[in-house]
Amino acid sequence: QVQLAESGGGLGQAGASLRLSCVLSGRAFTYALGWFRQAPGKEREFVAAISWSGSRTRYADSVKGRFTISRDNAKNTVYLQMDTLKPEDTAVYFCAAGRSGSTLYVPGHLQNEYYYWGQGTQVTVSS
């Protein structure tokens with residue numbers, strides 16, 4: 001079993017930056033990882049994903065060029081650097097663990113590609 005715990009959410013103004021962190025605990029960590037978000041009244045949507053090696057990433061079009069996903073396997077942590085924030089980025093952000101055992105595999109936007117989920121952290125961006 002794998003547990004994921006997000007942190008780093010909060011309140012920011014449009015144009016500002018925030019960095020989210022997600023720490024993994026439990027079993028051995030060769031998981032591909034991703035970030036999703038859910039805004040009020042909307043479905044959960046894919047934000048970004050990264051391979052276990054960190055060499056491959058994938059982004060939603062809505063955040064491409066503004067958000068950066070990265071990981072530090074020595075710290076069992078995945079990050080989401082969010083720059084040039086917009087009010088429409090307001091949401092609860094979740095990290096998730098996908099398939100393990102492959103260094104280059106990057107999961108996609110489908111939630112069923114992920115097996116473990118964190119509880120989420122709120123990000124609110126004011127205009």
Problem set entry | side-chain contact (heavy atoms from CB on, under 4.5 Å) between Arg19 and Tyr79, worked out | CA-CA 7 Å; Arg19 189 176 79 157; Tyr79 304 97; 3.7 Å; yes

For this session: Apply the test side-chain contact (heavy atoms from CB on, under 4.5 Å) to residues Gln13 and Val125: give CA-CA distance (whole Å), side-chain angles for both, the deciding distance (0.1 Å), then the verdict.
Result: CA-CA 5 Å; Gln13 290 188 328; Val125 183; over 6 Å; no

For this session: With side-chain contact (heavy atoms from CB on, under 4.5 Å) as the test, would you mind laying out the steps for Leu4 and Val23 before giving the verdict?
Result: CA-CA 6 Å; Leu4 302 98; Val23 178; over 6 Å; no

For this session: Go through the steps to decide whether Val2 and Leu24 satisfy the test side-chain contact (heavy atoms from CB on, under 4.5 Å), and finish with yes or no.
Result: CA-CA 7 Å; Val2 175; Leu24 283 74; 4.3 Å; yes

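Identified under the salt bridge (charged side-chain N to carboxylate O under 4.0 Å, His left out) test for residues 41-53, with sequence neighbours left out: Arg37-Glu45.
Formation of a donor-acceptor pair under 3.5 Å by the Thr103 side chain with backbone atoms of Ser53 is not found in this model. Listed for the Arg99 side chain is no donor-acceptor partner under 3.5 Å among the backbone atoms of Ala32.
In plain terms, the two heavy atoms of Tyr59 and Ala48 that are nearest each other are CD2-CB, 3.6 Å. Looking at every heavy atom in both residues, Ser127 comes nearest to Ala14 through CA-CB, 4.3 Å. Taking every heavy atom of both residues into account, Tyr114 and Ala96 meet most closely at CD2-CB, 3.6 Å.
Arg66 meets the salt bridge (charged side-chain N to carboxylate O under 4.0 Å, His left out) test with Asp89; sequence neighbours excluded. A search for salt bridge (charged side-chain N to carboxylate O under 4.0 Å, His left out) contacts involving Lys64 returns Asp61, not counting sequence neighbours. The side chain to side chain contact (heavy atoms under 4.5 Å, CB included) test applied to Gln122 returns Thr90, Val92, Thr124, not counting sequence neighbours.
Residue Leu110 is found outside any hydrophobic cluster, as its side-chain heavy atoms come under 4.5 Å of no other Ile, Leu, Val, Met, Phe, Trp or Tyr. Other residues sharing a hydrophobic cluster with Leu11 under the 4.5 Å side-chain heavy-atom criterion for ILVMFWY residues do not exist; the residue is a singleton.
Here the OG atom belonging to Ser51 is positioned 6.0 Å from the CG atom belonging to Leu104, to the nearest 0.5 angstrom. Distance CD1/Ile50 to SG/Cys95: 12.5 Å, rounded to 0.5 Å. If you take CD on Glu113 and NE2 on His109, they are separated by 7.5 Å, rounding to the nearest 0.5 Å. Between atom CD1 of residue Ile69 and atom OG1 of residue Thr57 there is a gap of 7.5 Å, rounded to the nearest 0.5 Å. We find the OG-CZ distance between Ser21 and Arg71 to be 13.5 Å, quoted to the nearest 0.5 Å. For the atom pair OH (Tyr116) and CD (Gln1), the distance works out to 5.0 Å, reported to the nearest 0.5 Å.
Connection of Leu33 to Leu20 is established within a shared hydrophobic cluster, with ILVMFWY side chains joined at heavy-atom distances below 4.5 Å, either directly or through further cluster members. Linking Ile, Leu, Val, Met, Phe, Trp and Tyr residues whenever their side-chain heavy atoms come within less than 4.5 Å places Val63 and Val78 in a single cluster.
In this structure, the side chains of Thr68 and Leu80 stay at 4.5 Å or more apart for every pair of heavy atoms. Tyr31 is not listed as a side-chain neighbour of Tyr115, based on a closest heavy-atom distance of 4.5 Å or more. No side-chain heavy atom of Ser100 sits under 4.5 Å from any side-chain heavy atom of Trp52. Here the side chains of Tyr93 and Gln38 are not in contact, with every heavy-atom distance at 4.5 Å or above.
Side-chain N/O atoms of Asp83 and Ser17 include a donor and acceptor closer than 3.5 Å.
Remark: aromatic rings of Phe46 and Phe36 are close, center separation under 6.0 Å.
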